Amino acid sequence: MFPKDRMRRLRSREGIRQMITETRLHPDDFVLPLFFDESIDSVKYTGSMPGVPTYPLSDAGKVAERLSSSGINAVMLFGIPRHKDCEGSGAYSEEGVVQNAIRKIRSCSDLIVMADLCMCGYTDHGHCGILSNGKVDNDLTLTYYGKIAESLAAAGAHVVAPSGMMDGQVAYIREALDDSDHSDIPIMAYSAKFCSSFYGPFREIARSSPSAGGRESYQVDPANGREAVLEMRRDIEEGADIVMVKPAMPYLDVIKQARSEFDVPIAAYQVSGEYAMIKAAAAKGWLDERRAMMESLVSIKRAGADIIISYFAEDAAKELEQ
Ligand code: PBG
């Protein structure tokens with residue numbers, strides 16, 4: 001017996017294949033993370049993240065203009081301050097590195113500027129919050145997150161993205177924004193943020209590895225899918241406008257689950273280690289970089305992400321324009 005239903009019938013021609021394509025990427029899907037370091041004068045590269053520059057603040061305008069013409073719509077800013085201290089004061093200073101970058105980018109482009117809201121890049125101990133007796137103090141940290149949110153919004157951030165995984169952070173930040181006349185600023189919450197080894201290259205760029213201990217006391221265990229969904233539900237109840245799953249590729253099941261349970265937009269962060277893996281294998285000639293990039297991104301969208309934060313954003317947008 002030969003099969004009557006031949007799946008291959010619809011795969012035989014390019015035009016038909018295009019007609020039945022279920023998931024299409026668009027440059028508007030992407031957000032490109034950008035790093036600004038207050039203490040450098042020229043672009044710097046990090047070994048584990050080929051093609052991802054750390055920019056001096058003086059380049060912000062130039063970068064914004066280049067990206068505006070590349071077709072991507074949004075950036076996510078991370079700052080590396082000149083000084084780190086136990087209170088992460090660079091994170092909420094009016095003249096902080098990200099606050100300055102936001103102002104410069106806004107003045108030279110129409111890009112949507114999202115700002116990561118956390119302390120690990122700003123504290124001398126590298127944790128995402130304030131320590132009391134050697135432990136991250138949840139509620140004390142919230143008061144700092146409120147200050148950071150206000151200062152990012154005052155500098156002109158269009159969206160704030162809390163990534164520190166403190167309990168109650170979304171509600172606290174919502175109130176801080178509303179009380180400071182920023183009720184129009186959405187919160188994109190890093191809600192399902194797993195305690196992942198795939199953040200390694202990012203921590204090299206941001207010099208944000210914790211000096212003692214890991215982040216398992218605040219980030220989600222990679223084994224826990226239900227707990228990640230619960231985190232997202234809580235954040236939506238607290239007022240999150242967008243919820244995020246991070247990393248993306250090892251957690252496509254969580255993205256899919258979020259898509260089926262929630263009606264808010266879902267973001268997914270293809271993190272530094274995911275990018276580095278593809279880059280490293282491609283550099284060795286072990287896989288085709290362009291195809292692996294597009295396949296990884298379309299998989300994330302197919303799983304259910306509306307917004308994809310990726311270091312490939314600019315290259316992928318170029319690829320889509322061809
Ligand atoms: C800050 C933050 C991290 C990333 C985004 N925001 C690092 C961390 O949790 O250690 C990682 C992003 C990446 O790996 O690309 N909390």
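Here the structure is a predicted model, which means the values were calculated and not measured. Counting starts at 1 for both ligands and their atoms, following the listed order.
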What do you reckon, does [X] put a non-hydrogen atom under 4.0 Å from ligand 1?
X	answer
Lys193	yes
Tyr311	yes
Glu274	no
Gly164	no
Gln219	yes
Ser208	no

### Message
Please determine whether salt bridge (charged side-chain N to carboxylate O under 4.0 Å, His left out) holds for the pair Glu150 and Lys147, giving the CA-CA distance in whole Å, both sets of side-chain angles, and the decisive distance to 0.1 Å.
### Response
CA-CA 5 Å; Glu150 269 182 64; Lys147 284 196 279 191; over 6 Å; no
### Query
Is there a donor-acceptor pair closer than 3.5 Å between any side-chain N or O of Lys84 and the backbone N or O of Arg207?
yes
State the atoms of ligand 1, each with its element, that fall below the 4.0 Å cut-off from a heavy-atom position in [X].
X	answer
Lys246	2 (C), 3 (C), 4 (C), 5 (C), 6 (N), 11 (C), 12 (C)
Arg203	8 (C), 9 (O), 10 (O)
Tyr269	12 (C), 15 (O)
Cys120	1 (C), 16 (N)
Arg215	8 (C), 9 (O), 10 (O)

### Region of Ser272 engaging ligand 1 - heavy atom pairs below 4.0 Å
both
#### Entry: Nearest non-hydrogen protein atom, atom 12 (C) of ligand 1
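Checking every protein heavy atom, the shortest distance to atom 12 (C) of ligand 1 gives Phe202 CD1, 3.4 Å.
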### Message
Does this structure show an ion pair linking Asp315 with Arg290, if we count only N-O contacts that are shorter than 4.0 Å?
### Response
no
### Query
Between Glu22 and Arg302, does at least one N-O distance fall below 4.0 Å, as a salt bridge requires?
no
### Query
Between CD1 of Ile205 and OG1 of Thr54, what distance do you get to the nearest 0.5 Å?
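One finds 5.0 Å between CD1 of Ile205 and OG1 of Thr54.
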### Query
Do Lys193 and Tyr199 meet the cation-pi criteria used here (NZ or CZ under 6.0 Å from the six-membered ring centre, within 45° of the axis)?
yes
### Task
Answer yes or no for Lys246 and Tyr190: cation-pi contact, defined as NZ/CZ to six-membered ring centre under 6.0 Å and angle to ring axis within 45°.
no
### Query
Is it the case that more than 12 heavy atoms not belonging to Arg291 sit under 6.0 Å from its CZ atom?
no
### Donor + acceptor pair across side chains of Ser296, Glu274 (<3.5 Å)
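No, no side-chain donor-acceptor pair sits under 3.5 Å.
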